A.B. asks: 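The structure under discussion is supplied below as structure tokens; questions concerning it will follow.
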Number of protein chains: 2
Amino acid sequence: MIQDPQPDIQTDLTTIRAMCDAFDVTPRTLRFYEAKKLLNPVRVGTRRLFTRRDRARLKLILRGKRFGFSLEDISQTLDLYDRDRSDAAQRQRACEIARERLAIMEAQRTELDVAIADLKAELAKVDVRGHAPRHEAE
Amino acid sequence: MIQDPQPDIQTDLTTIRAMCDAFDVTPRTLRFYEAKKLLNPVRVGTRRLFTRRDRARLKLILRGKRFGFSLEDISQTLDLYDRDRSDAAQRQRACEIARERLAIMEAQRTELDVAIADLKAELAKVDVRGHAPRHEAE
DNA sequence: AGAGCAGTTGACGTTAACGTCAGTGTAACG
DNA sequence: CGTTACACTGACGTTAACGTCAACTGCTCT
């Protein structure tokens with residue numbers, strides 16, 4: 001009872017199927033991400049089991065993709081979220097990259113607001129001179 | 001005064017070089033967009049001259065790209081901004097698509113806010129514990 | 001034990017969005 | 001009038017991000 005090599009991680013492992021269902025991706029995608037070092041599930045025999053860390057990372061990956069970042073971009077920022085990383089230099093670098101990303105995202109947010117306003121204005125124009133009031137429920 | 005075939009569009013034409021410089025894209029990109037019907041510059045002989053409309057569209061294209069939309073996606077929404085278009089059905093369709101995009105963008109905005117907050121929080125954590133190599137499990 | 005089925009590993013195919021290059025044209029410059 | 005400089009047209013190359021397919025494990029159920 002002195003030894004406790006793997007605490008209760010056991011309960012926290014997810015199969016590839018469960019991952020696919022939960023995040024709406026294909027197995028191929030997960031394996032691809034693993035090959036790209038974005039994820040690294042543990043192996044039981046040959047099969048993958050994804051950890052809580054993997055799930056967190058996948059969430060960030062998909063989020064990043066929706067914002068138009070490449071996997072390469074994403075992989076660089078992901079490390080920031082690994083706070084068990086004790087490599088000072090490495091972490092320092094991650095911080096810088098993260099700050100850059102943050103700036104980009106804030107700029108993106110500003111631009112997004114403009115784009116939304118534009119689009120709304122354009123829709124309003126159309127509505128104003130609208131020919132036929134459409135069956136519309138919002 | 002009834003007829004006005006080509007007003008003063010002449011002064012409003014841009015060469016491909018000027019376009020590239022102004023929008024920071026390559027000639028190849030502009031030709032590609034033309035082939036994809038996203039732009040249609042007038043021709044003087046064989047050379048392209050981009051109109052004000054082209055510039056407006058290019059701006060929207062690049063904007064869309066930054067938000068992670070595909071050219072295909074973008075091409076569908078672009079038509080909304082053409083109000084000289086008198087095809088009712090076509091415009092109706094454009095409106096629907098635009099509304100969808102709007103919803104997507106608003107969702108994206110919400111998520112972006114979350115992502116920004118997350119990232120800031122993560123950066124704050126790193127700052128707080130500074131350089132002290134404290135082992136910490138969550 | 002055999003059948004079925006999810007999971008795994010290559011290996012190759014695919015699509016989007018351009019890049020690159022070769023050959024041709026043309027307007028302008030000295 | 002030759003050369004330089006940029007523009008145009010195919011045509012093929014490239015990269016990212018997966019999809020698809022074949023061949024092979026183990027499991028589990030009967």
Side-chain angles (χ1 to χ4, degrees), chain A residues 10 12-51 54-55 57-79 97 101 104 108, chain B residues 10 12-51 54-55 57-79 97 101 104 108:
Chain A
Q10 301 298 343
D12 211 17
L13 296 175
T14 317
T15 73
I16 199 170
R17 232 12 275 84
M19 286 289 277
C20 291
D21 293 348
F23 291 93
D24 192 38
V25 294
T26 71
R28 180 69 179 89
T29 300
L30 296 179
R31 292 195 269 263
F32 180 76
Y33 289 168
E34 183 187 11
K36 287 268 173 174
K37 311 276 190 179
L38 296 178
L39 303 177
N40 63 338
V42 301
R43 295 304 187 104
V44 173
T46 159
R47 309 207 163 168
R48 295 166 175 82
L49 285 179
F50 295 86
T51 66
D54 287 319
R55 292 193 296 278
R57 289 172 71 94
L58 181 54
K59 186 176 168 186
L60 292 172
I61 292 166
L62 298 178
R63 170 186 284 177
K65 287 202 60 178
R66 259 167 274 143
F67 298 151
F69 291 110
S70 72
L71 293 184
E72 175 62 25
D73 286 341
I74 295 168
S75 104
Q76 306 218 314
T77 53
L78 269 181
D79 295 341
I97 294 178
R101 292 280 183 276
I104 294 175
Q108 196 163 339
Chain B
Q10 301 299 342
D12 213 17
L13 296 175
T14 317
T15 73
I16 200 172
R17 247 313 25 2
M19 286 290 276
C20 292
D21 292 348
F23 291 93
D24 193 36
V25 294
T26 70
R28 181 68 180 88
T29 300
L30 296 179
R31 294 187 198 112
F32 181 74
Y33 289 168
E34 183 186 11
K36 287 268 173 174
K37 310 274 189 181
L38 297 178
L39 303 177
N40 64 338
V42 301
R43 296 305 186 103
V44 172
T46 160
R47 310 205 162 166
R48 295 165 175 83
L49 285 180
F50 296 85
T51 67
D54 287 319
R55 291 193 295 277
R57 289 172 73 96
L58 182 53
K59 186 176 168 187
L60 291 172
I61 293 168
L62 298 178
R63 171 188 282 177
K65 287 203 60 179
R66 259 166 272 143
F67 299 150
F69 291 109
S70 72
L71 292 184
E72 174 63 25
D73 286 340
I74 295 168
S75 102
Q76 305 217 316
T77 53
L78 269 181
D79 296 341
I97 294 178
R101 294 279 183 277
I104 293 176
Q108 195 163 342

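Here is how names work: the chains are called A, B, and so on, in the same order as the sequence lines, proteins then strands, and each is numbered from 1. These numbers were taken from a predicted model, which means no experiment stands behind them. Keep in mind that the numbers below use all heavy atoms, side chains included, and drop hydrogens, waters and symmetry copies.
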A.B. asks: Does C:dA6 have OP1 or OP2 under 4.0 Å away from a side-chain N or O of A:Thr15?
C.D. replies: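 Answer is no, no contact under 4.0 Å.
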A.B. asks: Given atom CD1 of B:Ile16 and atom C1' of D:dT9, what is their separation to the nearest angstrom?
C.D. replies: 12 Å
A.B. asks: Any side-chain N or O of B:Lys36 under 4.0 Å from OP1/OP2 of C:dT15?
C.D. replies: no
A.B. asks: Detail all sub-3.5 Å separations between protein N/O atoms and N/O atoms belonging to nucleotides 20-26 of chain D.
C.D. replies:
from   : atom 1 : to      : atom 2 : distance (Å)
D:dT20 : O4     : A:Arg28 : NE     : 3.1

A.B. asks: Taking A:Arg101 first and then A:Asp73, would you say they form a salt bridge - that is, a charged N and a carboxylate O separated by under 4.0 Å?
C.D. replies: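 So A:Arg101 pairs with A:Asp73 through a salt bridge.
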A.B. asks: Which nucleotide in the list D:dA17, C:dG7, D:dC8 gets nearest to the side chain of A:Arg31?
C.D. replies: C:dG7
A.B. asks: Under a 4.5 Å cut-off applied to non-hydrogen side-chain atoms, are A:Gln76 and A:Glu72 in contact?
C.D. replies: yes
A.B. asks: Taking only the side-chain heavy atoms of A:Arg48 (C-beta and beyond), determine which of C:dT9, D:dA17, D:dA7 contains the nearest atom.
C.D. replies: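 My answer, after comparing the listed nucleotides, is C:dT9.
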A.B. asks: Please state how far atom CZ in B:Phe69 lies from atom P in C:dA17, giving the value in whole angstrom units.
C.D. replies: 13 Å
A.B. asks: Just how far, in rounded Å, is P of C:dA17 from CG of B:Leu30?
C.D. replies: 15 Å
A.B. asks: Is there a donor-acceptor pair under 3.5 Å between the side chain of B:Gln108 and the backbone N or O of A:Phe67?
C.D. replies: no
A.B. asks: Measure from the side-chain N and O atoms of A:Asp12 to the backbone N and O of A:Thr51, and report whether any donor-acceptor pair falls under 3.5 Å.
C.D. replies: no
A.B. asks: Quick one: A:Phe32 CZ to C:dT8 P, roughly how many Å, whole number?
C.D. replies: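 My rounded result for the distance is 17 Å.
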A.B. asks: Quick one: A:Lys37 NZ to D:dA17 C1', roughly how many Å, whole number?
C.D. replies: 18 Å
A.B. asks: Using whole Å, what does the distance between atom C1' of nucleotide D:dC6 and atom CG of B:Leu49 come to?
C.D. replies: 14 Å
A.B. asks: Check whether any side-chain heavy atom of B:Asp79 sits under 4.5 Å from a side-chain heavy atom of B:Ile97, and report yes or no.
C.D. replies: no
A.B. asks: CD of A:Glu72 versus P of D:dT15: gap in Å, rounded?
C.D. replies: 14 Å
A.B. asks: Any idea which heavy atoms bring B:Lys37 and B:Arg57 closest together, and the distance?
C.D. replies: O-NH2, 3.9 Å
A.B. asks: Please pick, from C:dA6, D:dC18, C:dA17, the nucleotide with the shortest atom-to-atom distance to any side-chain atom of A:Arg17.
C.D. replies: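 For A:Arg17, the side-chain atoms sit closest to C:dA6.
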A.B. asks: Where each residue is assigned the nucleotide of DNA chain D containing its nearest heavy atom, which of B:Arg43 and A:Thr29 is assigned the position nearer the 5′ end?
C.D. replies: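 Result: B:Arg43.
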A.B. asks: Mind calculating the distance between CZ (B:Phe50) and C1' (D:dC8) to the nearest angstrom?
C.D. replies: 12 Å
A.B. asks: For C:dC18, does either OP1 or OP2 sit under 4.0 Å from a side-chain N or O belonging to B:Tyr33?
C.D. replies: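 Yes, because at least one side-chain N or O of B:Tyr33 sits under 4.0 Å from OP1 or OP2 of C:dC18.
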A.B. asks: Taking atom CG of B:Leu58 and atom CE of B:Met19, what is their separation to the nearest 0.5 Å?
C.D. replies: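 Here the rounded value is 5.0 Å.
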